[in-house]
Amino acid sequence: MKIMLVGRIGTGKTSFKQAIQNKPISYKKTQAIEFDDDTDCKLSFVDTPGEYTENRSYYRALIVTAIEADLIILFQDCIDKTLWFAPDFSSMFGDKPVIGIVTKIDISETKENIEHAHDSLLQAGCSAVFMVSNTTGDGIDQVKKYIFSHYVENQRL
């Protein structure tokens, strides 16, 4: 199963990928679209640079890249109050399933920040939204269980 990770710079897309693969978390700026097949966890990842979300001129690259993806995950960190996804942003991916992940819940100053990020992902068209901390691992297993039960095990894609 191929999962495409979409979000602005610094939201934790690459760190999430490392966390879900049970790898050590190490910061690495994604400079170009990266493909990562992990046969151990039965998931493949397409990690997109944050600039693709921040600059509309790159939206076509997101759309073209999404053609090969089975699932799209949108990332919004709860520290940044800027909304990076327009309402119904997920519609650009056609009928591809889209879920959302609120990151950095371990360093949020208020519960309202987490709720704000959660709501923005729902408005962007995510069918489900999860709260995670890549550094503490909170929520990672929940996302993994959801992906496997809704998509991988049921061969829904």
Side-chain angles (χ1 to χ4, degrees), residues 1-21 23 25-38 41-105 107-108 112-134 139-140 142-144 146-148 150-152 155-157:
M1 173 177 188
K2 192 175 288 185
I3 301 172
M4 186 168 123
L5 312 177
V6 178
R8 74 170 301 233
I9 296 168
T11 57
K13 299 177 300 293
T14 303
S15 297
F16 171 79
K17 178 182 73 169
Q18 294 166 346
I20 205 165
Q21 293 173 319
K23 293 182 178 177
I25 304 297
S26 62
Y27 179 77
K28 178 182 143 323
K29 169 70 179 91
T30 304
Q31 298 292 334
I33 295 173
E34 295 181 0
F35 300 90
D36 182 8
D37 293 327
D38 188 333
C41 76
K42 299 179 185 175
L43 301 174
S44 298
F45 294 92
V46 180
D47 195 355
T48 63
E51 291 84 357
Y52 283 35
T53 301
E54 296 178 18
N55 188 334
R56 289 182 184 209
S57 65
Y58 290 117
Y59 281 10
R60 288 183 188 190
L62 287 175
I63 294 167
V64 170
T65 304
I67 291 170
E68 297 295 321
D70 300 309
L71 174 67
I72 314 294
I73 301 179
L74 303 183
F75 289 78
Q76 174 75 41
D77 84 56
C78 62
I79 305 304
D80 183 357
K81 293 182 184 178
T82 307
L83 299 179
W84 289 100
F85 300 111
D88 208 24
F89 179 88
S90 65
S91 66
M92 82 162 79
F93 303 117
D95 62 353
K96 300 279 182 180
V98 179
I99 65 172
I101 295 189
V102 175
T103 58
K104 303 181 183 178
I105 62 168
I107 57 174
S108 176
E112 288 79 20
N113 290 350
I114 296 171
E115 291 170 1
H116 179 70
H118 176 272
D119 292 347
S120 74
L121 289 169
L122 287 177
Q123 289 176 4
C126 297
S127 61
V129 178
F130 300 89
M131 278 60 77
V132 305
S133 167
N134 296 327
I140 298 294
Q142 183 183 12
V143 176
K144 193 182 262 189
Y146 180 86
I147 290 170
F148 276 89
H150 283 75
Y151 301 106
V152 178
Q155 298 296 314
R156 183 174 166 183
L157 304 169

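- Contacts of A128 classified as side chain to side chain contact (heavy atoms under 4.5 Å, CB included), with partners at least two apart in sequence or in another chain: I99, F130, Y146.
- Counting only distance, with no hydrogens or angles, the side chain of N113 and the backbone of S108 share no donor-acceptor pair below 3.5 Å.
- Take E115 and apply the salt bridge (Lys or Arg N to Asp or Glu O under 4.0 Å) test, not counting sequence neighbours, and it matches no residue.
- In terms of the side chain to side chain contact (heavy atoms under 4.5 Å, CB included) criterion, residue partners of I107 (sequence neighbours excluded) are, by chain and number, I79, K104.
- Heavy atoms only, all atoms of each residue included: I140 and S133 are closest at CG1-O, 4.2 Å.
- With sequence neighbours excluded, no residue forms a side-chain hydrogen bond (donor to acceptor under 3.5 Å, both in side chains) with D119.
- Every residue was checked against the ring-ring contact (aromatic ring centres under 6.0 Å, His included) condition with F35, not counting sequence neighbours, and none meets it.
- Atom OG1 of T14 sits about 11.5 Å away from atom NZ of K23, to the nearest 0.5 Å.
- Distance CD/Q18 to CD1/I25: 5.0 Å, rounded to 0.5 Å.
- Separating the CG atom in N134 from the CD1 atom in I105 is a distance of 9.5 Å, to the nearest 0.5 Å.
- Checked by atom type and distance alone, the side chain of Q76 never pairs as donor or acceptor with a backbone atom of G100 at under 3.5 Å.
- Between the side chain of K17 and the backbone N or O of S44 there is no donor-acceptor pair closer than 3.5 Å.
- In this structure, the side-chain hydrogen bond (donor to acceptor under 3.5 Å, both in side chains) partners of E51, at least two apart in sequence or on a different chain, are K29.
- With sequence neighbours excluded, no residue satisfies salt bridge (Lys or Arg N to Asp or Glu O under 4.0 Å) with E68.
- Here CG of L5 is found 6.5 Å from OG1 of T48. Values are rounded to the nearest 0.5 Å.
- When every heavy atom of F85 is checked against every heavy atom of A124, the shortest pair comes out as CB-CB, 3.7 Å.
- In terms of the side chain to side chain contact (heavy atoms under 4.5 Å, CB included) criterion, residue partners of T82 (sequence neighbours excluded) are, by chain and number, D80, W84.
- In this structure, K13 contributes its side chain and D47 its backbone to no donor-acceptor pair below 3.5 Å.
- Aromatic ring pairs are classed by plane angle as parallel below 30°, tilted from 30° to 60° and perpendicular above 60°; the pair F89 and Y59 is perpendicular.
- Once rounded to the nearest 0.5 Å, the distance linking CD1 of I114 with CD of E112 reads 9.5 Å.
- Every side chain to side chain contact (heavy atoms under 4.5 Å, CB included) that D88 has, sequence neighbours left out, goes to S90, S91.
- When atom types are taken as modelled, the side chain of H118 and the backbone of V102 share no donor-acceptor pair closer than 3.5 angstrom.
- Outside the 6.0 Å centre-distance limit, the rings of F45 and F16 are not counted as a close aromatic pair.
- S127 contributes a side-chain N or O that, together with a main-chain N or O of V98, makes up a donor-acceptor pair within less than 3.5 Å.
- Closest of all the heavy-atom pairs between I72 and A66 is CD1-CB, 3.8 Å.
- Of the possible polar contacts, none joining the S120 side chain to the L83 backbone as a donor-acceptor pair under 3.5 Å is found.
- Side chains of Y52 and V6 form no contact here, defined as non-hydrogen atoms less than 4.5 Å apart.
- Partners of Q123 under the side-chain hydrogen bond (donor to acceptor under 3.5 Å, both in side chains) rule, at least two apart in sequence or in another chain, do not exist in this structure.
- Remark: T65 pairs with no residue by the side-chain hydrogen bond (donor to acceptor under 3.5 Å, both in side chains) rule, at least two apart or across chains.
- To the nearest 0.5 angstrom, L43 atom CG is 6.0 Å from I147 atom CD1.
- When every heavy atom of L71 is checked against every heavy atom of M1, the shortest pair comes out as CB-CE, 3.4 Å.
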What do the steps show when you test K2 against V46 for side-chain contact (heavy atoms from CB on, under 4.5 Å), and what is the final call? CA-CA 7 Å; K2 192 175 288 185; V46 180; 3.6 Å; yes
